[in-house]
There are 2 protein chains.
Amino acid sequence: MIKCVKCGEVDAIAKSGIVRGKQRYYCGKCDYYFTLSSEQPLTINHKRHPATILDIARELQISKSTVSRALHGHSDINEQTRKAVLETARRMEYQPNLLAYGLAKNKSMTVGIIVPEFINSFFPFIIIGAQEVANPAGYHVLICQSNESYPTEVANTNVLLSSRVDGLLVSLTGETPNIDHFKKFERAGIPVVYFNRVCKDTNVSQVIVDDYDGAFKGVVHLIENGCRRIAHIAGPPNLQISQNRLKGYLDALAQHGIEKDDSLIVSYDLNPQQATLCAKQLFDLPTPPDGLFAVNDPAAIAAMLVAKERGIKIPEELAVVGFSNEPTSALIEPGLTTLAQPMGDIGRTAIKMLFDQIESEDHETIEPETRVLKTTLIVRGSSLKHK
Amino acid sequence: MIKCVKCGEVDAIAKSGIVRGKQRYYCGKCDYYFTLSSEQPLTINHKRHPATILDIARELQISKSTVSRALHGHSDINEQTRKAVLETARRMEYQPNLLAYGLAKNKSMTVGIIVPEFINSFFPFIIIGAQEVANPAGYHVLICQSNESYPTEVANTNVLLSSRVDGLLVSLTGETPNIDHFKKFERAGIPVVYFNRVCKDTNVSQVIVDDYDGAFKGVVHLIENGCRRIAHIAGPPNLQISQNRLKGYLDALAQHGIEKDDSLIVSYDLNPQQATLCAKQLFDLPTPPDGLFAVNDPAAIAAMLVAKERGIKIPEELAVVGFSNEPTSALIEPGLTTLAQPMGDIGRTAIKMLFDQIESEDHETIEPETRVLKTTLIVRGSSLKHK
DNA sequence: CACACTATTGCAAACCATTGCAGGGTTGTA
DNA sequence: TACAACCCTGCAATGGTTTGCAATAGTGTG
């Protein structure tokens, strides 16, 4: 029979509905509603939970505030107490719960970084640069891959928002039409620094390389090596890098009296296969190009492979210049002439700017800043027609 | 003058020390100690904090429990209430606070992954495989780079422990002597799955490829292509992959009646520069090798570059076989014959095994399992002496 | 109307660490 | 002796979410 939880009475019990699948009872004697506690006898889950400051406090018979202060080397702590706490913490393998810390301090000690991909070495180098600065500062980095997909990028922003990152580093996808989805961070007071692939919006902090200058140098180099019909595999038009590199290409041509030929400019969405298609399209032209400037190394390499397949000699029949200087560019044959970007510096600079904003009391007052790094032309076999 | 905070009295006030830099007062009348509250008139920091369920609750004049239940589609929620909550949440750009969630549920929805590096494409492909499974399941992946350094690996484990990851994927560094530092996870009930680079400890879950078989196939391939003095650039001895690939190499030789020559086996610590040194050492031998089996592609490629430098013809004078099939192996000239590893599968399999353990009620009862995937010999120019 | 029962909602504890303030004990000094 | 100053420690609220249980309103039935 059912006994009342309060008075122990059996007779005055009446059923009174079912709540969330459980029978509810009513004791008429003490006017008390109740449901029987969970069937399983509440065997406390003895899975050893990680030690908390409370465990340390209990062990030492002190209060958790004291433990907390001891662990953080706060002032106003007796040296012996501090020693004892530290020792006990070590013994109990105490690891602070970053979730609780984050909740209490409203600071997750995490920064997010969204990159389009990390199969090529370009972004990994940047990430490593960023981590070199973040980790010693006690921050860790949550890496998201947008996979060159705008919806994925938006999804990433929500994940990072949920994770309450303290700041965000972003390089946009080739199809990101605008940066509205990053305005959420602004509204939440979370600083954002864009790098490499940025949007036209100038009211943000960003770290870029001098794409115009790099492209200009690369194309001039091709011209100096005797190229007259120089093609360009251009990046997606939404990105500044594409626009600026295209501009550098065009200006270099113009300054050397070479007429622009629209059929020599093909657009590439950063998808590997598409680079191959672009190259084929160029080589199929009635008068194929004798030089090629690609918006990045993977595209240049893809074009080189197509050229090889077709027996087009590099650099004699086609001189090629890429952009970024990924490690593979040195391995391929002939070596790919390219514009080296200081990838580690990009990462380090971007995250330092981010930390400046995080640490400034009032993010609003920080002036958005654009940091421009230089590229270096690395000359290899792919462009040297007359050695 | 100073007024008592309790009784408002002015005369009975006495100074009583300074606490943490602030003057403390004592009211003799009501026997009460106090310090004056912070000078700044407590202007509530109006930085718009992200919306919480409490904000939604206030907006809708309901309790936060109801909001929580509505957001999670729990039963026992009025359809209209649910709609209203969802709508308000959308309007307020509500993003659940994962820190608070994690604290409450004791579940961070995060899994950690420790890799030695991610400059080469090998680990990135595995990570992508893992994310393909993790992200749709609502988990995110905290990527740590041990940078082939044992102390860094240990540091990584502590970070991940602090972050209260729900599970861990690990590929060891070349210098990790034992896996004691992962026992912490076991003690905390956090499942760990090792992949690719594992230790001899058999009492753990792991995903590996059949290294012995791959190495055997690769070396047999070299023998069939006429090599008789086959060198081996071996990995660090602490790793199973090194041991098994070495064993496959030795057995292949033995089965084909080729005497083992210790001078042909050099050890490589996975450091890029060291691979070059190893190659030089081999090529400097009185009787240099006519075939080379390297423990991984980067080492094979490094050796190929040294060979080129020295005018050693590949494959005529030296046939080369690598391991892993990284994208670069197809780009280099001649193409590198190698044993393809199913990298995406490794990542997917490993994280699925991890999830199985995470989701099982009682991790202890899970039998450690070793999943072995197959390698495929990819034949390219680097090994075909007689075409 | 009394009662059983359903559907829905609210209350409060719990998760763990931080921190402002209260208040204890002790030392120094006039 | 009285009081200022110091040193140290504890209490309790806070942060955002989940969830067991209590409680309410409403519905149906005899």
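Bear in mind that the values here come from a model prediction, so they are computed numbers and not experimental data. Only this structure's heavy atoms are used, side chains among them; waters, hydrogens and symmetry mates stay out. Lettering follows sequence order; numbering is per chain, from 1.
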* Asked: Does A:Ser63 make a side-chain N or O approach to OP1 or OP2 of D:dC11 shorter than 4.0 Å?
  ->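 So the side-chain polar atoms of A:Ser63 never come under 4.0 Å of the phosphate oxygens OP1 or OP2 of D:dC11.
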* Asked: When you check the phosphate oxygens OP1 and OP2 of C:dT18, does a side-chain N or O of A:Ser68 lie under 4.0 Å from one of them?
  ->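 So the side chain of A:Ser68 is within the cut-off, an N or O lying under 4.0 Å from OP1 or OP2 of C:dT18.
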Please give, in whole Å, the distance from [N] [atom2] to [X] [atom1]?
{"X": "A:Glu79", "N": "D:dT9", "atom1": "CD", "atom2": "P", "answer": "11 Å"}
{"X": "B:Leu71", "N": "D:dT19", "atom1": "CG", "atom2": "P", "answer": "13 Å"}
{"X": "B:Ile77", "N": "C:dT9", "atom1": "CD1", "atom2": "C1'", "answer": "7 Å"}
{"X": "B:Leu54", "N": "D:dG16", "atom1": "CG", "atom2": "P", "answer": "8 Å"}
{"X": "A:Asn78", "N": "D:dC6", "atom1": "CG", "atom2": "P", "answer": "18 Å"}
{"X": "A:His72", "N": "C:dA17", "atom1": "NE2", "atom2": "P", "answer": "9 Å"}
{"X": "A:Gln80", "N": "D:dC7", "atom1": "CD", "atom2": "P", "answer": "16 Å"}
{"X": "A:Ile62", "N": "D:dC8", "atom1": "CD1", "atom2": "C1'", "answer": "11 Å"}

* Would B:Leu354 and B:Leu169 count as a side chain to side chain contact (heavy atoms under 4.5 Å, CB included) if you check the C-alpha gap in whole Å, the side-chain angles of each, and the deciding distance to 0.1 Å? -> CA-CA 8 Å; B:Leu354 194 66; B:Leu169 254 37; 3.5 Å; yes
* **B:Lys105 (side chain) and D:dT17 (base): donor-acceptor pair under 3.5 Å** => no
* D:dC11 base / A:Ser65 side chain donor-acceptor hit below 3.5 Å -> yes
* Asked: Over its full length, what angle do the end axes of the helix from C:dC1-D:dG30 to C:dA30-D:dT1 make, each axis taken from five pairs and the result rounded to 10 degrees?
  ->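 End-to-end axis angle: 70°.
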* Verify, without hydrogens or angle tests, whether A:Ser68 (side chain) and A:Lys64 (backbone) share a donor-acceptor contact under 3.5 angstrom. => no
* Between the main-chain N or O of A:Val111 and the side-chain N or O of A:Asp166, is there a donor-acceptor pair closer than 3.5 Å? ->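 Such a contact is absent between A:Asp166 side chain and A:Val111 backbone.
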* Asked: Among residues 86-99 of chain A, which residues get a heavy atom nearer than 4.0 Å to DNA chain D?
  ->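 Result for residues 86-99 of chain A: none.
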* Asked: How far does OH of B:Tyr94 sit from CG of A:Leu161, to the nearest 0.5 angstrom?
  -> 11.5 Å
* Atom pair CG (A:Leu160) and CD1 (A:Ile114), whose distance is rounded to the nearest 0.5 Å -> 5.0 Å
Out of [options], which nucleotide sits closest to the side chain of [X]?
{"X": "A:Arg69", "options": "C:dC21, D:dG15, C:dT18", "answer": "C:dC21"}
{"X": "B:Ile53", "options": "D:dG10, C:dA17, D:dT17", "answer": "D:dT17"}
{"X": "A:Lys64", "options": "C:dT9, D:dT18, C:dT18", "answer": "C:dT18"}

* Quick one: which of A:Ile179, A:Ile190, A:Val170 gives a side-chain contact (heavy atoms from CB on, under 4.5 Å) with A:Phe185? -> A:Ile190
* Asked: Has A:Gln80 got more than 12 heavy atoms of other residues, nucleotides or ligands less than 6.0 Å from its CD?
  ->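 Result for CD/A:Gln80: open.
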* Distance-only donor-acceptor check, side chains B:Lys184 and B:Asn158, under 3.5 Å ->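 Their side chains do contain a donor-acceptor pair, which is all the 3.5 Å distance test asks for.
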* To do: Decide side chain to side chain contact (heavy atoms under 4.5 Å, CB included) for B:Val67 and B:Leu71; before the verdict, give the C-alpha distance in whole Å, the side-chain angles of both, and the deciding distance to 0.1 Å.
  => CA-CA 6 Å; B:Val67 174; B:Leu71 288 172; 3.9 Å; yes
* **Step-by-step side chain to side chain contact (heavy atoms under 4.5 Å, CB included) determination, B:Arg164 to A:Gln95** => CA-CA 9 Å; B:Arg164 295 293 189 269; A:Gln95 286 290 343; 4.1 Å; yes
